[in-house]
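One structure below.
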2 protein chains.
Amino acid sequence: MDDNSKKILIADDEPDILEILSYNLNKEGYETMTAKDGDEALHKTKLFRPDLIMLDVMMPHKNGMEVCKVLRAQPSYQGTLIVFLTALSDETSHIKGLEYGADDFISKPVSPKILISKVNALFRRVQKPDDKVLQAGNIIIDSVKFVVMVEGREIILAKKEFELLHLLATKPGRVFLRNEILSQIWGTEVIVGDRTIDVHIRKIRQKLGIDCITTVKGVGYKLVV
Amino acid sequence: MDDNSKKILIADDEPDILEILSYNLNKEGYETMTAKDGDEALHKTKLFRPDLIMLDVMMPHKNGMEVCKVLRAQPSYQGTLIVFLTALSDETSHIKGLEYGADDFISKPVSPKILISKVNALFRRVQKPDDKVLQAGNIIIDSVKFVVMVEGREIILAKKEFELLHLLATKPGRVFLRNEILSQIWGTEVIVGDRTIDVHIRKIRQKLGIDCITTVKGVGYKLVV
DNA sequence: TTTTGCGTAAACATATTGTTAAGATGGACG
DNA sequence: CGTCCATCTTAACAATATGTTTACGCAAAA
C-alpha cells in the first residue's frame, strides 16, 4: 500500500472517460493503461497483468460482461479485481455483473472522489489475510475447529464440503463460476466430472438443513445471506 | 515465533485505522477481526470471544465507553482485556475510561511500536503462571508430575503419548494438522511414517478410556471438550 | 420439441485412518 | 556383559469415511 505500484487497466470506448480515469488514478500513484474495446482489454490483460480491471459494460468487440466471464474462468485471473463502469440508472447490469464475479461498480458520470475511494477500498480489502473464522448470516465457519455452526447447532462437514462452503463464504452473495470453484478447490491438474460439484453442494445443503446456497443456472453457485 | 493466536477485536469507524492496526497485529501473530461501530463490536464480541478488544472512543451506534460498560457488566467478559483508542490530547477520556474498567489506552495517531509493546505487555500481565498444568474438560494434564487425571483416575502415559496429548490440550477444540503434530513433536529433521501418529493416538484413547480425541479425516486430530 | 443444465440417489473407487503384531532401540539392573 | 522391559516405529491388512462417477429425472430455455 505504501508502494502504490498497482497496475490498473481501463477499458472503455469513449476516449474522454479513459482520460479522466487515468488522470485521477495516476495522480493517486497508480499505474494505468487503457483499452478501447473488449478484445484489446483481454489482450492487454495477458500482457501486463493488471491488479485491477475497469470494464465498460457497453463496448465493441466483446462487452464488459463477456470479458469478465472469460477472465474469471481462468485460474490465473481469479485474484484480479474487476470493476464495471455502468450508466447510473442501469440496475440490471449490477445484478448480472455480480453473477459474473465483479467486485464493484462505478457509475458514470464518474466522480473522482468516489473513484479513488472505491479503488483504494478494493485494494485494502484484497490484501487482508484470510480470516480463520468466517461469518455469513447465521452461519459461522470455523477453520480452526473445523466445524460449522448453524443456529446453535454444530455441524461436521467432510473436507471437500468444508472447503467448498468456505470458498463461497469468503464473498457472500457473490457468484462463483463452476470453473472458479474447480480451480480453487481441486486445482488445475485434477479433472473431475461436472456432477461432482453438484453432489458436494447437495451434501452441504442437506447437512446444514437450511437453504443458503443458491444455484445460478448456467453460471455457478452463491451463498445467500 | 511464539504462536500466540490470541484474538483481538478492533472497533473503529475509520477504515484506515482498522487496516493499520490489524496489519501490525497480524504481523505479530495475533488473529484480528474488525467492527465499524459499537453495535457491531458487541455482536462480534459475543460471536468470536476475543481476548482483547480495542475500542475507539468516538464511534457511531454506541461509543467506546458504552460498549465497555455493557461488557463489563457481564461476568463472562470480565476477563477480557479492553483498550481505548483516544485522541492524543483527550485527557478526560482516560479518567472516564478507567472508571469503566479499561485496561489501557492507545492514542492516535498510532505508533506501531507502542501498539505492539502495549498489547504484548497486557497479555503478559494476564498470563497464568501455571501453564504447567493444563485442563480440558475433565482431563487434567500435569507436566510436573507427568501424569494425566481422568475422572479421578491417575493415568501414566509414555513420553510421546504425553507430548501428543499435551499438544492437543494446549488448544482444545482446535484441529492440529498431521504436519503440525509432526513438526511440533518430532521436529523437522526426523521423519517418521504416517501410521506412527495413529498408533500413538490409539494408545492414548485406549489408556484414557474415554473418547476425547476426534479424527478429522484428511486434516488432523483435535481434542473435544 | 429438442436441448441444456442441474438435482438426486445409488454404485463404485479411492484415500485415509484403525488395528494388530512384530522388530528395533535403548535404558535399568543384576 | 547380557537380560529384561518399556517404548517407539514400522509393516501389513482391515475398516471406514470420503470422493467421484453413473444413470436417470425434471425443468427451463432455445
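This one's a predicted model, so the numbers in the text were calculated from it and none came from an experiment. Residue numbers start from 1 in every chain, and the chains themselves are labelled A, B, ... in the order their sequence lines are given, proteins ahead of strands.
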To the nearest Å, how far apart are [X] [atom1] and [N] [atom2]?
X: A/I185; N: D/dT20; atom1: CD1; atom2: C1'; result: 15 Å
X: B/E161; N: D/dC8; atom1: CD; atom2: C1'; result: 9 Å
X: A/I197; N: C/dT8; atom1: CD1; atom2: P; result: 16 Å
X: A/I213; N: C/dT8; atom1: CD1; atom2: P; result: 12 Å
X: B/K203; N: C/dT20; atom1: NZ; atom2: P; result: 12 Å
X: A/I201; N: C/dG5; atom1: CD1; atom2: P; result: 17 Å
X: A/I204; N: D/dG19; atom1: CD1; atom2: C1'; result: 13 Å
X: A/D198; N: C/dA10; atom1: CG; atom2: P; result: 17 Å

* To do: Map A/Q206 and A/V219 onto DNA chain C by nearest heavy atom, then report which one ends up closer to the 5' terminus.
  => A/V219

* Evaluate the salt bridge (charged side-chain N to carboxylate O under 4.0 Å, His left out) criterion for residues A/D56 and A/K36: first the C-alpha distance (whole Å), next the side-chain angles of each, then the deciding distance (0.1 Å), finally the verdict. => CA-CA 9 Å; A/D56 186 25; A/K36 60 185 180 305; over 6 Å; no

* Tell me which nucleotide among C/dG7, D/dT21, D/dG19 gets nearest to the side chain of A/V199. =>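 The closest nucleotide is D/dT21.
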
* Between B/H200 and B/W186, what is the ring plane arrangement, given parallel below 30°, perpendicular above 60°, and tilted in between? -> tilted

* Asked: Which atom names give the shortest non-hydrogen contact between B/L167 and B/F176, and what distance separates them?
  ->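 The answer is O-CZ, 3.4 Å.
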
* Structure fact -> Nearest heavy-atom approach of B/P172 to B/V225 is CB-CG1, 3.8 Å

* Confirm from the modelled atom types if A/K159 and D/dT18 form a donor-acceptor pair under 3.5 Å, side chain to base only. =>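 There is none.
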
* To do: Assign each of B/I191 and B/K217 to its nearest nucleotide of DNA chain D by heavy atoms, then name whichever residue's nucleotide is nearer the 5' end.
  =>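 Its nearest nucleotide lies further toward 5', so the answer is B/I191.
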
* Want to settle it: does B/V190 or A/V192 sit nearer the 5' end of DNA chain D, counting the closest nucleotide to each? -> B/V190

Does the side chain of [X] get closer than 4.0 angstrom to OP1 or OP2 of [N] through an N or O atom?
X: B/T215; N: C/dT16; value: no
X: A/R205; N: C/dG7; value: yes
X: B/R195; N: D/dC13; value: no
X: B/H200; N: D/dT7; value: no
X: A/T196; N: D/dT21; value: yes
X: B/Y221; N: C/dT16; value: no
X: B/W186; N: D/dC8; value: no
X: B/R178; N: C/dT17; value: yes

* Could you tell me whether the side chain of A/I140 reaches within less than 4.5 Å of the side chain of A/L134, counting heavy atoms only? =>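 No; the side chains remain at least 4.5 Å from each other.
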
* **B/K44 side chain vs B/T34 backbone, donor-acceptor pair below 3.5 Å** =>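 Yes.
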
